[in-house]
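Naming convention: chains lettered A, B, ... in sequence-line order (proteins, then strands); numbering from 1 in each chain.
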Protein chains: 4
Amino acid sequence: MTSSATPVSRAERKKQELRREIIDAAFDCFAERGYHATAIADIATRLGIGHGTFYRYFENKRDIVDHVITDLVDRVKVALTAENAPDAVSTLDDYRTQTARIGESLARIFHEDPRVPRMLLFEAAGIDKAMAERVLDFFDLATALTASYLTHGIELGYLRADLDVDNTASAITGMILASALSSLRKPEGEHQRKLSEAVRRLMYDGIAAQS
Amino acid sequence: MTSSATPVSRAERKKQELRREIIDAAFDCFAERGYHATAIADIATRLGIGHGTFYRYFENKRDIVDHVITDLVDRVKVALTAENAPDAVSTLDDYRTQTARIGESLARIFHEDPRVPRMLLFEAAGIDKAMAERVLDFFDLATALTASYLTHGIELGYLRADLDVDNTASAITGMILASALSSLRKPEGEHQRKLSEAVRRLMYDGIAAQS
Amino acid sequence: MTSSATPVSRAERKKQELRREIIDAAFDCFAERGYHATAIADIATRLGIGHGTFYRYFENKRDIVDHVITDLVDRVKVALTAENAPDAVSTLDDYRTQTARIGESLARIFHEDPRVPRMLLFEAAGIDKAMAERVLDFFDLATALTASYLTHGIELGYLRADLDVDNTASAITGMILASALSSLRKPEGEHQRKLSEAVRRLMYDGIAAQS
Amino acid sequence: MTSSATPVSRAERKKQELRREIIDAAFDCFAERGYHATAIADIATRLGIGHGTFYRYFENKRDIVDHVITDLVDRVKVALTAENAPDAVSTLDDYRTQTARIGESLARIFHEDPRVPRMLLFEAAGIDKAMAERVLDFFDLATALTASYLTHGIELGYLRADLDVDNTASAITGMILASALSSLRKPEGEHQRKLSEAVRRLMYDGIAAQS
DNA sequence: TATGAATGAGATTTCATTCAT
DNA sequence: CATGAATGAAATCTCATTCAT
């Protein structure tokens, strides 16, 4: 029942393994030195393989970076969505908890693998037009997800009915970006938690003194 | 009274003019095709000058992009600071107005020159480590400025005394980023204004329904 | 018994071969057209290889010329020293024979490969300060070697006890230079032999008429 | 009677002056940094003139170096020939004195202006084929001059009748070269004098112990 | 006449990609 | 299949020379 769908041979499995290692090594290089400063030979050397071998696994340099980004985006997507269906929330407190959980999850990813924010925020967009689009698409996705939460909250009445859903969602995505950015300079978990908390207080309590 | 301040010769003036044109053409190219995809010859061709001429005005490619970024950052800095001293504000309403004004000013820059957000958010950080630092420094500057507003507001009592100033400022910077980002896909002023308003409502009213 | 000493693969051997061919082609070019007038592409073209290939074997243009000079200097050093230990000589006649042998050996090198004197005397020193130093060092070496012969001869009593060893050695090196120079215009062996003989007569008999 | 031949105007004189200064500045640059490493702009800057001005005085870079070499060669020629007619010598002692005087004169030139040996021995020949020929021509000239002394000495009987005039002259030129070379590393007058003396002892006494 | 801004030929060097072994 | 030698397109940068001012 396990390997029924694709009866992979041992060789095939090895191949997939190396494929994955190449993606990871490329991720390392791109995040460390930048996409343009990374030569295919650098990636191969890091793995101890010949650089010709690279081309048996990926079309070209542009191909690998696409895979790197896909992987990275998938990981963040999972953090944003996993176990976190908008309709699982029914009160403001639930939502606040949910937000905290998502925030924490993101923070963990950024913290555990600093290549993620670096690549996503610094490297990807500068590669070419198409990649910049992918980055924007990803932000839009995050915004859409947030928007669905907001809409759900409005429907259930625990969020302001007059909320400008899309733009508020954009603003919230911006704060997530801020969190990712700050993880580049202050990667300690403590700091990330405080920032995350500040974001939530902003969202729920606003900044004004209680009149 | 005419040329008293700087008695520049006509030749000198022409030189400064071309220098500026080169910076501008470089800005065009970098924003359009990206830093790495832009050859010095592209910049020169765009101006109808020989590419050797470029090197009479700038050391090398890295030099020109530094100037482009400096210009760009200066422009945004002006929008963030001009006429906008934190201590000119003394009530929450003042602050909200102030925030609106700054937001509008930024929106105008992003809208009037779409190269600005594209360069700042997409191209700059991917150039090299040093430039990535400059970008982070710039975000830090914006955050520090916001923080000074917040501190001022706390002191005067119209902002929450228990505000986590620095992290809240970070979050607000993130929303400014969101605004810049959105201008890339939806550059119409109308949209920008709405996003700006949503940010302000988030800040002042929170998202929760009035209990 | 075959490849016991250095178990080089066929590929490795081919590589060394090409490396040597590149040095030789570079030597050709530098001697023919001069270092500065020679482009890397010229060297590559002469070998029928792509000019990118050059950079797989040598760091840069400066690197190759260093190797060319090292080769050349080694060749001349061998001629100056091989089988020619100062202490193998014990009479004036021996010394004269020795001198003749060294002179002949040098002449053969200059004659067999006219690139040698051309490169050493005309091209090398003009390349840069460091190379000029190498050339001077080489002359100093030749002078030191000659000096050791002279010292030996004084000790054994067949050379004048009041000889200014170092300066006399310098003068003799100068005459070797003259020989190298003359080989550029008059490369025939006959001429070289006569010049060599004239040098020896000068050294042993002086120029004055017998009183 | 003074300026009758060419009635030069003040302007003309100034022009000639600048022309000379350019040659001298070029000499400085070429000797210091080498011909290829010297840009026309370097020469102009050293004089505080615009580099366009250079081209009002000299055809091109090749032209100026030709003039530099001509000047240099003329200076050495003067030292070799001035007041030193072969037929003014009639005894071996006279000749030895004469030789000393020429040697001293050359040494003074090399010592007073170290650019001379550096340019002549290190830079000139590497410039191009034509210049290499000029250098060889110059050495030939020195050799021919020496040869005429030798011939004169043979005719008057104070030099060996069986002297191989041309090749002996070549050898002597070689020793002059040695002197020039040594002035590059040991420019002190004392050393030059000793070397010069060693050359003369070699020529007149040989190196052998008196039997 | 002096100047220096403009020019582009030309040289060096890198590196993604191919392909024979 | 893996390898890495070979390749050349393409980019950067320099500087001798011209020429308008």
Side-chain angles (χ1 to χ4, degrees), chain A residues 11 14-15 18 36-45 47-64, chain B residues 9-12 14-15 17-19 22 36-45 47-64, chain C residues 9-12 14-15 18-19 35-45 47-64, chain D residues 11 14-15 18 35-45 47-64:
Chain A
K14 271 233 156 175
K15 203 173 154 139
L18 179 50
H36 290 285
T38 296
I40 296 299
D42 294 332
I43 300 171
T45 302
L47 286 174
I49 63 172
H51 65 278
T53 309
F54 171 91
Y55 287 91
R56 307 207 139 272
Y57 291 81
F58 297 94
E59 284 291 304
N60 51 40
K61 196 177 172 182
R62 192 49 175 70
D63 186 26
I64 182 80
Chain B
S9 70
R10 212 171 76 83
E12 181 62 20
K14 269 220 155 182
K15 216 176 144 146
E17 207 175 301
L18 179 49
R19 194 184 153 81
I22 293 175
H36 291 285
T38 298
I40 297 301
D42 296 330
I43 300 171
T45 303
L47 286 173
I49 63 174
H51 65 280
T53 306
F54 171 89
Y55 288 93
R56 293 186 54 73
Y57 290 81
F58 297 93
E59 284 290 307
N60 49 40
K61 199 177 170 183
R62 195 49 176 65
D63 186 27
I64 182 83
Chain C
S9 69
R10 214 173 72 83
E12 180 63 20
K14 268 220 155 181
K15 217 175 142 146
L18 180 49
R19 194 185 153 81
Y35 175 75
H36 291 285
T38 297
I40 296 301
D42 295 331
I43 299 171
T45 302
L47 285 174
I49 64 174
H51 64 281
T53 306
F54 171 89
Y55 288 93
R56 292 186 54 73
Y57 291 82
F58 296 94
E59 284 290 306
N60 50 40
K61 198 177 169 183
R62 194 49 175 65
D63 187 25
I64 182 81
Chain D
K14 272 233 153 175
K15 205 172 153 140
L18 179 50
Y35 175 73
H36 290 284
T38 296
I40 296 298
D42 294 332
I43 300 171
T45 302
L47 285 175
I49 64 173
H51 65 279
T53 308
F54 171 90
Y55 286 90
R56 306 207 138 272
Y57 291 80
F58 296 94
E59 282 292 304
N60 50 40
K61 197 177 171 183
R62 193 49 176 69
D63 187 26
I64 182 80

Whole angstrom value for the distance that separates P of dT14(F) from CD1 of Ile40(D): 17 Å

CD1-OG1 distance between Ile40(A) and Thr45(A), expressed to the nearest 0.5 angstrom: 11.0 Å

Under 4.0 angstrom between Tyr57(C) side-chain N/O and dA6(F) OP1 or OP2: yes

Which nucleotide in dA11(F), dT17(F), dA6(F) has an atom nearest any side-chain atom of Ala39(B): dA11(F)

Residue pair Tyr35(C) / Lys61(C): nearest heavy atoms and the distance that separates them: O-NZ, 3.1 Å

Phosphate OP1/OP2 of dC1(F) contacted by Arg56(A) side-chain N/O (<4.0 Å): no

Integer-rounded Å distance: dT14(E) P and Asp42(A) CG: 13 Å

Presence of Tyr55(C) side-chain N/O under 4.0 Å of dT7(F) phosphate oxygens OP1/OP2: no

Residue whose nearest DNA chain E nucleotide is more 5′ - Ile49(B) or Ala41(C): Ile49(B)

Length of the CD-P vector between Glu59(B) and dT12(F), whole Å: 15 Å

Spatial distance of atom NZ (Lys15(C)) from atom CZ (Arg19(C)) [nearest 0.5 Å]: 9.0 Å

Nearest-0.5 Å distance that lies between atom CZ in Arg56(B) and atom CD1 in Ile49(B): 11.0 Å

Below 4.0 Å: OP1/OP2 of dT7(F) and any side-chain N or O of Thr53(C): yes

Spacing between Arg10(B) atom CZ and dA5(E) atom C1', to the nearest angstrom: 13 Å

Spacing of Asp63(A) atom CG and Tyr55(A) atom OH [to the nearest 0.5 Å]: 10.5 Å

Exercise: identify the closest heavy-atom pair between Ile22(B) and Ile43(B): O-CG2, 4.1 Å

For atom NZ of Lys61(C) and atom C1' of dG10(E), their distance in whole Å: 11 Å

Separation of dA10(F) C1' from His36(A) NE2 (nearest whole Å): 15 Å

Whole-Å distance separating the CZ atom of Phe58(B) from the P atom of dT14(F): 15 Å

Closest approach of Ala41(A) to His51(A) (non-hydrogen atoms, all atoms of both residues): CA-CB, 3.9 Å

Whole-Å distance separating the CZ atom of Phe54(D) from the C1' atom of dT17(F): 10 Å

Dot-bracket pairing map - DNA chain E, Watson-Crick plus G-U, both contacts under 3.5 Å, | cross-strand: .||||||||||||||||||||

Below 4.0 Å: OP1/OP2 of dA5(F) and any side-chain N or O of Lys15(C): yes

Check: dA11(F) base within 3.5 Å donor-acceptor of His51(B) side chain: no

Sugar-phosphate, base or nothing in reach of Thr38(D), heavy atoms under 4.0 Å: sugar-phosphate

